[in-house]
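One structure below.
Chain naming here is simple, since letters A, B, ... match the order of the sequence lines and numbering starts at 1 in each. Every value quoted in this text rests on a predicted model; they were computed, and no experiment measured them. Because only heavy atoms are used, hydrogens play no part in the values below, and waters and symmetry mates are left out as well, while side chains stay in.
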2 protein chains.
Amino acid sequence: MISKKTKYAFLALINLAGQPNGQPILIADLAQDENIPKKFLEFILLSLRKGGILQSRIGKGGGYSLALPPNRITVGAVIRILEGDLAPVPCLSKTNHAHCEECRDEATCGIRLVMDDVNKTLSSVLENLTLADMIERSENEISKRKNVVDFSI
Amino acid sequence: MISKKTKYAFLALINLAGQPNGQPILIADLAQDENIPKKFLEFILLSLRKGGILQSRIGKGGGYSLALPPNRITVGAVIRILEGDLAPVPCLSKTNHAHCEECRDEATCGIRLVMDDVNKTLSSVLENLTLADMIERSENEISKRKNVVDFSI
DNA sequence: TTTATTCCCCAGTAGCTCAGTCGGTAGAGC
DNA sequence: GCTCTACCGACTGAGCTACTGGGGAATAAA
């Protein structure tokens with residue numbers, strides 16, 4: 001289950017992606033638009049900036065904007081920035097690998113071997129889905145529903 | 001990331017699967033064998049029994065044993081019993097569906113649409129991996145390593 | 001150079017979950 | 001009826017989640 005933090009991040013990113021020619025938007029406006037607690041959003045955007053997904057400018061006319069085009073912002077990257085490593089067991093984590101104390105032999109541990117499969121599958125799905133997909137899917141769904149309504153009139 | 005509870009559960013299940021002709025094993029023995037806090041293991045085994053994966057007998061000669069053959073105990077079922085629903089967003093949960101208050105329109109929410117894909121992929125992977133796979137993979141790895149050692153002598 | 005604007009950053013907090021622990025109850029077999 | 005075993009509810013300390021508050025620092029316009 002993704003945290004609220006991550007969900008807020010996606011809402012913010014979708015909003016930012018909709019901004020005409022990448023114009024910066026203020027934390028305060030974004031917070032109001034998306035109904036996200038301002039201070040919390042501030043922290044989220046900062047994390048995304050440090051993760052290289054957003055860029056910011058201080059002072060008048062400043063704000064946040066995407067640092068990459070939406071089709072290069074993967075769902076996996078966003079989740080990894082906000083939730084940390086997404087390995088299902090500590091011994092599979094690349095960034096902060098910690099071997100499991102319960103494990104007798106890490107190399108032959110069945111749990112690890114099976115979870116590695118899960119991990120690989122999950123990673124590949126999350127790396128192949130992008131912010132652009134999120135937006136496209138949503139738009140497709142909206143127009144599909146609109147057509148249904150139009151026909152039914 | 002799976003919790004320690006779930007990892008203990010897999011360790012216990014692997015141990016139980018190795019028991020000759022499904023003989024019951026005591027919580028205390030299992031706890032000692034696998035280095036799991038006894039009281040904690042007690043609760044885990046109880047959950048698995050309620051989930052239909054284990055069966056128990058009280059009194060002398062009692063204990064726990066598998067209620068199903070290892071190839072019918074899926075990794076997904078075990079995780080679901082111990083961690084609860086594995087839906088990535090509350091609005092995708094089948095068992096306790098709660099719509100996300102942030103969401104304007106659930107039907108056209110891009111986050112939901114994309115996460116549904118993730119959810120489906122993850123579910124199908126977890127439902128296709130079983131306790132038998134865990135054991136088999138581990139044994140394969142052990143024999144593979146043993147051969148390497150044999151040849152190197 | 002002042003001032004308004006905007007992000008940056010640290011510190012704290014209520015409530016919840018995780019990983020257990022304690023103490024007792026109830027059923028099965030001898 | 002005694003012993004062995006699983007069953008069950010309540011409790012706890014540490015750490016995490018979802019925030020809130022108070023300033024500080026960079027930037028641009030005046």
Query raised in the report: According to the salt bridge (charged side-chain N to carboxylate O under 4.0 Å, His left out) rule, which pairs have a member within residues 44-54 of chain B, sequence neighbours left out?
Result: none
Query raised in the report: According to the salt bridge (charged side-chain N to carboxylate O under 4.0 Å, His left out) rule, which pairs have a member within residues 122-135 of chain A, sequence neighbours left out?
Result: R80(A)-E127(A)
Please state how far atom [atom1] in [X] lies from atom [atom2] in [N], giving the value in whole angstrom units.
X      : N       : atom1 : atom2 : answer
I44(B) : dA6(D)  : CD1   : C1'   : 15 Å
N35(B) : dA19(C) : CG    : P     : 16 Å
M1(A)  : dT17(D) : CE    : C1'   : 14 Å
I2(B)  : dC18(C) : CD1   : P     : 13 Å
F43(B) : dT12(D) : CZ    : C1'   : 15 Å
L11(A) : dA18(D) : CG    : P     : 13 Å
L41(B) : dC18(C) : CG    : P     : 18 Å

Residues that [X] engages under side-chain contact (heavy atoms from CB on, under 4.5 Å), provided they are two or more places apart:
X       : answer
L68(A)  : R72(A), I73(A)
I142(A) : S138(A), T108(B)
P24(A)  : none

Quick one: is [X] getting a side-chain N or O under 4.0 Å of the [N] phosphate, OP1 or OP2?
X      : N       : result
K5(B)  : dC18(C) : no
Y8(A)  : dA18(D) : no
S56(A) : dT6(C)  : no
Y64(A) : dT6(C)  : no

Query - Check against side-chain hydrogen bond (donor to acceptor under 3.5 Å, both in side chains), T130(B) and N71(B) - result: CA-CA 6 Å; T130(B) 68; N71(B) 65 355; over 6 Å; no
Query raised in the report: Given the rule in the side chain to side chain contact (heavy atoms under 4.5 Å, CB included) test, do L126(B) and S123(B) qualify, once you have shown the distances and angles that lead to the verdict?
Result: CA-CA 5 Å; L126(B) 292 176; S123(B) 295; 5.9 Å; no
Query raised in the report: R112(B) and C91(B): which non-hydrogen atoms are nearest, and at how many Å?
Result: NH1-O, 2.8 Å
Query raised in the report: What are the two closest non-hydrogen atoms of K38(B) and A31(B), and how far apart are they?
Result: CA-CB, 3.8 Å
In a table with atom names and distances, give each donor-acceptor pair under 3.5 Å that connects a side chain of residues 114-121 of chain A to protein atoms at least two apart or in another chain.
residue, atom, partner, partner atom, Å
D116(A), OD2, K120(A), NZ, 3.0
D117(A), OD2, R137(B), NH2, 2.8
T121(A), OG1, D117(A), O, 2.9

**Report entry** Protein proximity profile, nucleotides 21-30 of chain C - base contact B, sugar-phosphate-only contact S, no contact -, cut-off 4.0 Å on heavy atoms
**Finding:** BBBB--BSS-
Query raised in the report: Between L66(A) and L54(A), does a side chain to side chain contact (heavy atoms under 4.5 Å, CB included) hold up when you go through it step by step?
Result: CA-CA 5 Å; L66(A) 298 184; L54(A) 294 181; 3.7 Å; yes
When the side chains of residues 9-23 of chain B are checked against the rest of the protein, which donor-acceptor pairs come out under 3.5 Å, sequence neighbours left out?
residue, atom, partner, partner atom, Å
N15(B), ND2, D33(B), OD2, 3.3
N15(B), ND2, E34(B), OE2, 2.8

Query raised in the report: So, the side chain of S47(B) versus the backbone of F43(B): is there a donor-acceptor pair under 3.5 Å, distance only?
Result: yes
**Report entry** Neighbours of DNA chain C within residues 45-55 of chain A, by heavy-atom distance under 4.0 Å
**Finding:** L46(A), R49(A), K50(A)
Requested in this report: Could you tell me which residues satisfy ring-ring contact (aromatic ring centres under 6.0 Å, His included) with F40(B), sequence neighbours excluded, listed by chain and number?
Outcome: Y8(B)
Query raised in the report: Heavy atom of residues 80-94 of chain A under 4.0 Å from DNA chain D: which residues?
Result: none
**Report entry** Neighbours of DNA chain D within residues 23-32 of chain B, by heavy-atom distance under 4.0 Å
**Finding:** I25(B), L26(B), I27(B)
